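In this text the structure is predicted, and so the values were computed from the model without any measurement. Computed from heavy atoms alone, side chains included, the values below leave out hydrogens, waters and symmetry copies.
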Amino acid sequence: LHLVEFAILYGLFVLFFAVDGKLTKKTNMFAAIISCLYGFVDELHQYFVPNRSATVIDIVKDVLGVLIAYWIVYRGYFLKKNRVGEFIEAMEKLFGKEKAV
């Protein structure tokens, strides 16, 4: 489940940047890094909570989920090689800010 949860977190960051009209390769990388760091902090937090466990494999799963989603978004949005890019562009048009003329 870690893979899916952190892929979704990254995807929400991507959609945030997309509808704000600021999804670039740089902000895409920023979203991936923030998502991975959040996974690390979450595991660190669990280490200090009684009856919870923090494992390295969970961090690996978190990062792997983000990296897979990053790869899909990069290929779809920036390289135009899958339908994910079309979905992100549709979200930009549907929810994006009006451009000032």
Side-chain angles (χ1 to χ4, degrees):
L1 198 53
H2 284 263
L3 247 113
V4 175
E5 290 173 348
F6 283 86
I8 290 171
L9 175 66
Y10 162 75
L12 291 172
F13 278 125
V14 166
L15 288 176
F16 165 78
F17 285 121
V19 299
D20 201 34
K22 296 181 178 154
L23 184 59
T24 63
K25 289 180 181 179
K26 188 175 181 178
T27 57
N28 188 37
M29 179 63 73
F30 178 74
I33 290 169
I34 292 299
S35 298
C36 290
L37 286 175
Y38 186 81
F40 176 75
V41 170
D42 184 45
E43 292 303 316
L44 183 65
H45 160 261
Q46 288 182 25
Y47 178 78
F48 295 104
V49 175
N51 301 322
R52 296 294 306 255
S53 65
T55 63
V56 173
I57 193 69
D58 283 348
I59 295 172
V60 170
K61 291 177 200 174
D62 299 343
V63 171
L64 189 59
V66 171
L67 291 178
I68 290 169
Y70 176 86
W71 181 74
I72 291 169
V73 168
Y74 187 83
R75 285 184 51 87
Y77 187 77
F78 296 105
L79 301 180
K80 310 289 188 220
K81 300 231 180 201
N82 63 35
R83 291 192 170 199
V84 172
E86 294 171 12
F87 173 76
I88 294 171
E89 288 173 354
M91 293 298 104
E92 283 178 326
K93 290 177 185 171
L94 185 61
F95 297 108
K97 292 180 178 179
E98 296 271 335
K99 303 283 186 210
V101 194

Would you mind writing out the side-chain donor-acceptor pairs for residues 28-43 within the sub-3.5 Å range, not counting sequence neighbours?
{"unit_1": "Asn28", "atom_1": "OD1", "unit_2": "Tyr10", "atom_2": "OH", "d": "2.4"}
{"unit_1": "Ser35", "atom_1": "OG", "unit_2": "Ala31", "atom_2": "O", "d": "2.8"}
{"unit_1": "Asp42", "atom_1": "OD2", "unit_2": "Gln46", "atom_2": "NE2", "d": "3.3"}

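Both Leu79 and Val14 belong to a single network of hydrophobic side chains, linked directly or stepwise wherever heavy atoms of I, L, V, M, F, W or Y lie under 4.5 Å apart. Cluster membership for Ile59 and Tyr70, using ILVMFWY side-chain heavy atoms within less than 4.5 angstrom, is not shared. Put simply, Val66 and Val84 are part of the same group of oily side chains (I, L, V, M, F, W, Y) that touch within less than 4.5 Å, one to the next. Under a hydrophobic clustering in which Ile, Leu, Val, Met, Phe, Trp and Tyr are joined whenever their side-chain heavy atoms come within less than 4.5 Å, directly or via other members, Trp71 and Val73 fall into the same cluster.
Here the side chains of Glu89 and Lys80 are in contact, with some heavy-atom distance below 4.5 Å. Contact check for Asp20 versus Phe17: no side-chain heavy atoms found under the 4.5 Å cut-off.
Thr27 OG1 to Phe16 CZ: the interatomic distance, rounded to the nearest 0.5 Å, is 9.5 Å. Here the CG-CD1 distance, from Leu67 to Ile72, works out to 11.0 Å after rounding to the nearest 0.5 Å. Of the inter-residue distances, the one linking Asp58 atom CG with Thr55 atom OG1 reads 3.0 Å to the nearest 0.5 angstrom. Rounding to the nearest 0.5 Å gives a distance of 11.5 Å between CG of Leu15 and CZ of Phe13. Residue Leu1 holds its CG atom at 10.0 Å from CG of Asp62, rounded to the nearest 0.5 Å. The line from CD of Glu86 to CE of Met91 is 12.0 Å long, rounded to the nearest 0.5 Å.
Annotation for Gly76 and Asn82: closest pair CA-OD1, 2.8 Å, computed over non-hydrogen atoms. Nearest approach of Gly65 to Ala7, heavy atoms of both residues: O-CB, 3.5 Å.
Of the charged side-chain nitrogens involved, none lies within less than 4.0 Å of a carboxylate oxygen, so that Lys22 and Glu92 do not count as a salt-bridged pair.
Classified by interplanar angle (parallel below 30°, tilted 30° to 60°, perpendicular above 60°), the ring pair Phe78/Tyr74 is tilted.
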